[in-house]
2 protein chains.
Amino acid sequence: MQASGRVTIGDVARTAGVSVATVSKVINDRYGVAPETSARVHEVIADLGYESSIVARSLRSRRTNVIGILVAEFEPFSTELLKGISEAVESTGYELLAYSGGLRRDDRVGWEQRYLSRLAGTLIDGAIIVTPTVVNPRNSIPVVAVDPHRGPSGPPTVDSDNLAGARAATEHLVSLGHTRVGFLGGRPDLESARLREQGYRDALADAGIRVDEDLVLVGGYRPDLADTPAHELLRLPERPTAIFAANDLSAIRTIEVARELGLRVPEDLSVVGFDNVPESALTVPPLTTVSQPIHQMGAEALRMVVDLIQGNPRDPHVRLPTELVVRGTTRAL
Amino acid sequence: MQASGRVTIGDVARTAGVSVATVSKVINDRYGVAPETSARVHEVIADLGYESSIVARSLRSRRTNVIGILVAEFEPFSTELLKGISEAVESTGYELLAYSGGLRRDDRVGWEQRYLSRLAGTLIDGAIIVTPTVVNPRNSIPVVAVDPHRGPSGPPTVDSDNLAGARAATEHLVSLGHTRVGFLGGRPDLESARLREQGYRDALADAGIRVDEDLVLVGGYRPDLADTPAHELLRLPERPTAIFAANDLSAIRTIEVARELGLRVPEDLSVVGFDNVPESALTVPPLTTVSQPIHQMGAEALRMVVDLIQGNPRDPHVRLPTELVVRGTTRAL
DNA sequence: ATCGTTGTCGATAACGTTTTCGACACAACC
DNA sequence: GGTTGTGTCGAAAACGTTATCGACAACGAT
């Protein structure tokens with residue numbers, strides 16, 4: 001009978017000869033419906049292939065069993081995170097909804113609040129926001145941020161030890177004899193980018209190497225935003241012999257730029273990345289990088305948001321260790 | 001004033017001193033509202049940080065500008081696809097919503113229809129379903145499937161040339177002198193798995209090698225489902241000297257199993273995968289595999305579903321080429 | 001017989017939005 | 001001064017669901 005495709009609860013009710021209220025009770029296992037009635041309704045539901053609309057359901061009752069993952073874009077980091085989250089969700093009974101608006105180049109700021117407003121209070125019970133700039137603590141639903149971590153008073157956060165990782169990467173280059181080490185930065189509004197730069201500076205300072213500010217450029221964690229600074233670094237009169245890029249995508253782009261300029265990696269230029277996304281192993285030679293346990297970070301974020309939803313008390317900050325992975329793009333000077 | 005977190009259109013209306021209808025018109029640029037009123041409402045919207053709820057909006061009007069990507073699980077293939085889709089969506093004005101229910105081990109069948117019923121007609125304008133078993137053509141919204149392709153009469157589909165790819169993989173092994181080549185199959189309900197097995201058989205037949213049915217086992221595209229058949233193959237009295245696994249995840253698991261059994265790859269066993277997901281480069285040595293242009297497949301799927309939504313006439317079947325990528329896990333006998 | 005209890009069911013009001021349509025004021029026309 | 005337009009607005013219905021609460025019947029206990 002269903003007029004236009006969709007089978008509604010009304011269709012089920014009509015077919016089964018009961019009211020929509022009763023059908024709703026059957027679906028949600030509410031008390032107060034006779035066994036035979038329930039059986040009949042179940043039968044009709046199976047017959048018609050009815051599935052309740054998430055949308056209508058969530059509009060009415062503030063509970064959907066869906067956790068939202070809000071990302072600006074599906075790039076390697078956020079999809080790795082997604083894999084970790086997906087593995088961890090299996091046993092929880094929650095469903096996953098990863099959302100990404102079609103962002104224009106210019107409104108890449110403030111998307112977090114916008115997405116949250118559009119989905120929260122209705123579609124999702126909790127959210128994991130990936131690399132948000134600002135996250136408003138006074139939200140209706142629990143929110144966990146991945147990346148920012150501005151001290152113990154900040155919002156619930158999962159991140160990794162960016163400072164130690166960047167330090168290790170830079171120390172690795174220094175130990176190979178590099179003294180002119182360039183830094184291609186990340187998104188300036190992110191704490192992780194700040195910490196990675198800090199680790200770079202700390203390591204150089206410890207080694208007694210003065211930081212040449214010409215060698216410290218700002219990128220944005222995206223290949224297209226790495227292009228200009230990479231060119232700039234590699235065209236310097238006194239070219240750096242090594243570059244530490246703030247994430248793998250930038251490092252990969254740096255290698256490409258180096259190739260375009262006729263430089264060999266690692267013979268003429270050593271490159272280190274950060275993240276250890278699977279793509280980092282695809283370059284030739286494979287990229288030396290700092291590994292973040294991204295899957296584990298995703299799993300932690302999921303556990304945290306579930307705990308917050310269910311009201312379980314817990315430490316709202318998790319920081320996981322990083323580790324240097326030496327592969328093929330670094331070499332002694 | 002907002003009582004419980006969420007700012008609704010009602011709050012905006014009250015604050016601006018107009019009706020909700022007027023606010024709605026302002027938001028949607030409908031005709032019939034005075035410029036000054038519009039300006040005032042816009043101001044209030046900015047002040048209150050109002051964002052219309054996707055849920056309520058989509059419940060009422062059958063148009064959301066959101067495209068759903070329905071997956072059983074966020075594993076490497078579907079997330080690669082997601083990246084391709086995400087790149088292609090930028091210019092279209094659509095938003096992306098990737099959905100994955102928390103599937104239990106046993107209800108991995110029929111999830112496509114279930115997800116579709118829950119989201120379609122309401123939340124999303126069109127859907128891309130990744131490796132569905134059945135896809136009902138009589139749906140309310142346009143649906144593009146990635147993977148199945150049962151002839152020109154099937155539903156709109158994007159896939160790759162599985163047959164040629166599997167053929168190339170097997171021929172590669174044969175050309176290296178392998179005659180006992182095992183096949184670790186994929187999800188039996190998928191056309192791609194069928195075709196990959198067919199390509200394997202064809203190549204062996206062409207080479208004049210009889211197919212030993214003991215060497216053809218069924219897996220399921222997942223590491224856990226590859227475990228048993230991998231063990232089985234490698235414990236055979238007459239062990240195969242090479243294994244062609246129907247996807248990279250299975251191939252990677254096969255390598256691990258081989259290691260556990262004390263076999264060296266590629267010295268004692270050559271392994272070829274299928275897909276060329278980034279993870280395939282992470283193994284040591286990196287995996288020889290058949291490359292599918294997954295990003296491009298995602299982009300094609302997106303273009304197709306957008307065309308279908310907008311009613312543009314187009315060929316509902318796209319098949320992209322595959323290519324053998326020889327890396328480190330294969331060696332001459 | 002009456003009363004409370006228990007079990008079953010359905011009307012109905014929300015949830016936040018869009019859309020339709022009628023109300024109203026005002027200007028312009030004959 | 002009536003009639004017709006034109007511009008602006010709001011009341012109300014609708015979307016598909018859940019939650020509340022009252023109606024009703026059957027039944028056992030007084």
Side-chain angles (χ1 to χ4, degrees), chain A residues 1-14 16-41 45 48 50-66 117-125 140-141, chain B residues 2-41 45 48 50-66 117-125 140-141:
Chain A
M1 179 60 59
Q2 62 270 33
S4 68
R6 173 149 200 83
V7 184
T8 73
I9 199 175
D11 298 326
V12 176
R14 211 169 311 115
V18 296
S19 74
V20 290
T22 303
V23 177
S24 176
K25 281 178 207 158
V26 170
I27 295 169
N28 299 82
D29 276 329
R30 292 273 175 283
Y31 170 83
V33 38
E36 327 56 283
T37 313
S38 174
R40 186 155 36 94
V41 170
I45 288 178
L48 266 49
Y50 166 76
E51 279 289 334
S52 77
S53 156
I54 281 196
V55 171
R57 173 200 296 252
S58 72
L59 184 57
R60 177 59 222 236
S61 67
R62 322 239 130 204
R63 181 81 197 204
T64 60
N65 267 9
V66 175
S117 299
R118 300 196 65 177
L119 304 180
T122 38
L123 237 203
I124 55 181
D125 291 346
S140 35
I141 61 168
Chain B
Q2 61 269 31
S4 69
R6 173 149 201 84
V7 182
T8 74
I9 199 176
D11 298 327
V12 175
R14 212 168 311 115
T15 317
V18 296
S19 74
V20 290
T22 302
V23 177
S24 176
K25 282 177 207 157
V26 170
I27 294 169
N28 299 81
D29 277 327
R30 292 275 174 281
Y31 170 83
V33 37
E36 345 28 301
T37 312
S38 173
R40 185 154 38 92
V41 170
I45 287 178
L48 267 47
Y50 167 75
E51 280 288 334
S52 76
S53 156
I54 280 197
V55 171
R57 174 199 296 251
S58 72
L59 183 56
R60 176 58 222 237
S61 66
R62 319 242 131 200
R63 181 83 197 203
T64 59
N65 266 9
V66 175
S117 299
R118 301 196 63 177
L119 304 179
T122 39
L123 238 203
I124 56 180
D125 291 346
S140 34
I141 60 168

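These numbers come from a predicted model, not from an experiment. The sequence lines fix the lettering, A, B, ..., with proteins before strands; numbering per chain opens at 1.
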Asker: Under the rule for salt bridge (Lys or Arg N to Asp or Glu O under 4.0 Å), what residues qualify as partners of B:Arg118, not counting sequence neighbours?
Answerer: A:Glu95

Asker: Going by side-chain contact (heavy atoms from CB on, under 4.5 Å), name the residues that satisfy it together with B:Ala34, two or more places apart in sequence or in a different chain.
Answerer: B:Glu36, B:Thr37

Asker: Assess whether side chain to side chain contact (heavy atoms under 4.5 Å, CB included) is satisfied between A:Ile27 and A:Ile45, documenting all intermediate values.
Answerer: CA-CA 9 Å; A:Ile27 295 169; A:Ile45 288 178; 4.0 Å; yes

Asker: Write down the protein N/O and nucleotide N/O pairs, taken from nucleotides 11-16 of chain C, whose separation is under 3.5 Å; answer none if there are no such pairs.
Answerer:
from, atom 1, to, atom 2, distance (Å)
C:dA14, N3, A:Arg60, NH1, 2.4
C:dC15, O3', A:Arg62, NH2, 3.4
C:dC15, O2, A:Arg60, N, 3.4
C:dG16, OP1, A:Arg62, NH2, 3.3
C:dG16, N2, B:Ala56, O, 3.4

Asker: On DNA chain D, reading 5' to 3', which nucleotide is the first and which the last to sit with an atom under 4.0 Å from a heavy atom of chain A, could you check?
Answerer: D:dG16 to D:dA19

Asker: Can you give the donor-acceptor pairs under 3.5 Å from side chains of residues 16-25 of chain A to other protein atoms, not counting sequence neighbours?
Answerer:
from, atom 1, to, atom 2, distance (Å)
A:Ser19, OG, A:Ala21, N, 3.3
A:Ser19, OG, A:Thr22, N, 3.3
A:Ser19, OG, A:Thr22, OG1, 3.2

Asker: What's the verdict on side chain to side chain contact (heavy atoms under 4.5 Å, CB included) for B:Tyr50 and B:Asp11, showing C-alpha distance, side-chain angles and the deciding distance?
Answerer: CA-CA 9 Å; B:Tyr50 167 75; B:Asp11 298 327; over 6 Å; no

Asker: Whole angstrom is fine here: how far is it from OH in B:Tyr31 over to P in C:dT20?
Answerer: 16 Å

Asker: How bent is the helix from C:dA1-D:dT30 to C:dC30-D:dG1, measuring the angle between the end axes built from five pairs each, rounded to 10°?
Answerer: 70°

Asker: Take B:Leu119 and B:Ile141 through the test side chain to side chain contact (heavy atoms under 4.5 Å, CB included) and record every step on the way to the result.
Answerer: CA-CA 10 Å; B:Leu119 304 179; B:Ile141 60 168; over 6 Å; no

Asker: Counting only N and O atoms by type, is there a donor-acceptor contact under 3.5 Å from the side chain of B:Ser61 to the main-chain atoms of B:Ser58?
Answerer: no

Asker: Does B:Ser117 have any side-chain contact (heavy atoms from CB on, under 4.5 Å) partners at least two apart in sequence or in another chain, and if so, which?
Answerer: A:Glu51

Asker: Testing the basics here: between A:Val33 and A:Ser38, what is the closest heavy-atom pair and its distance to 0.1 Å?
Answerer: CG2-N, 4.0 Å

Asker: Can you tell me the distance, in whole Å, between the CZ atom of B:Arg30 and the C1' atom of C:dT17?
Answerer: 12 Å

Asker: If we check side-chain contact (heavy atoms from CB on, under 4.5 Å) with B:Arg57, which of these qualifies: B:Asn65, B:Leu123, B:Thr64, B:Asn28?
Answerer: B:Asn28

Asker: Let me know the distance between CG of B:Asn28 and C1' of C:dT20, rounded to the nearest Å.
Answerer: 14 Å

Asker: Both A:Ala34 and B:Val23 contact DNA chain C. Which one's nearest nucleotide lies toward the 5' end?
Answerer: A:Ala34

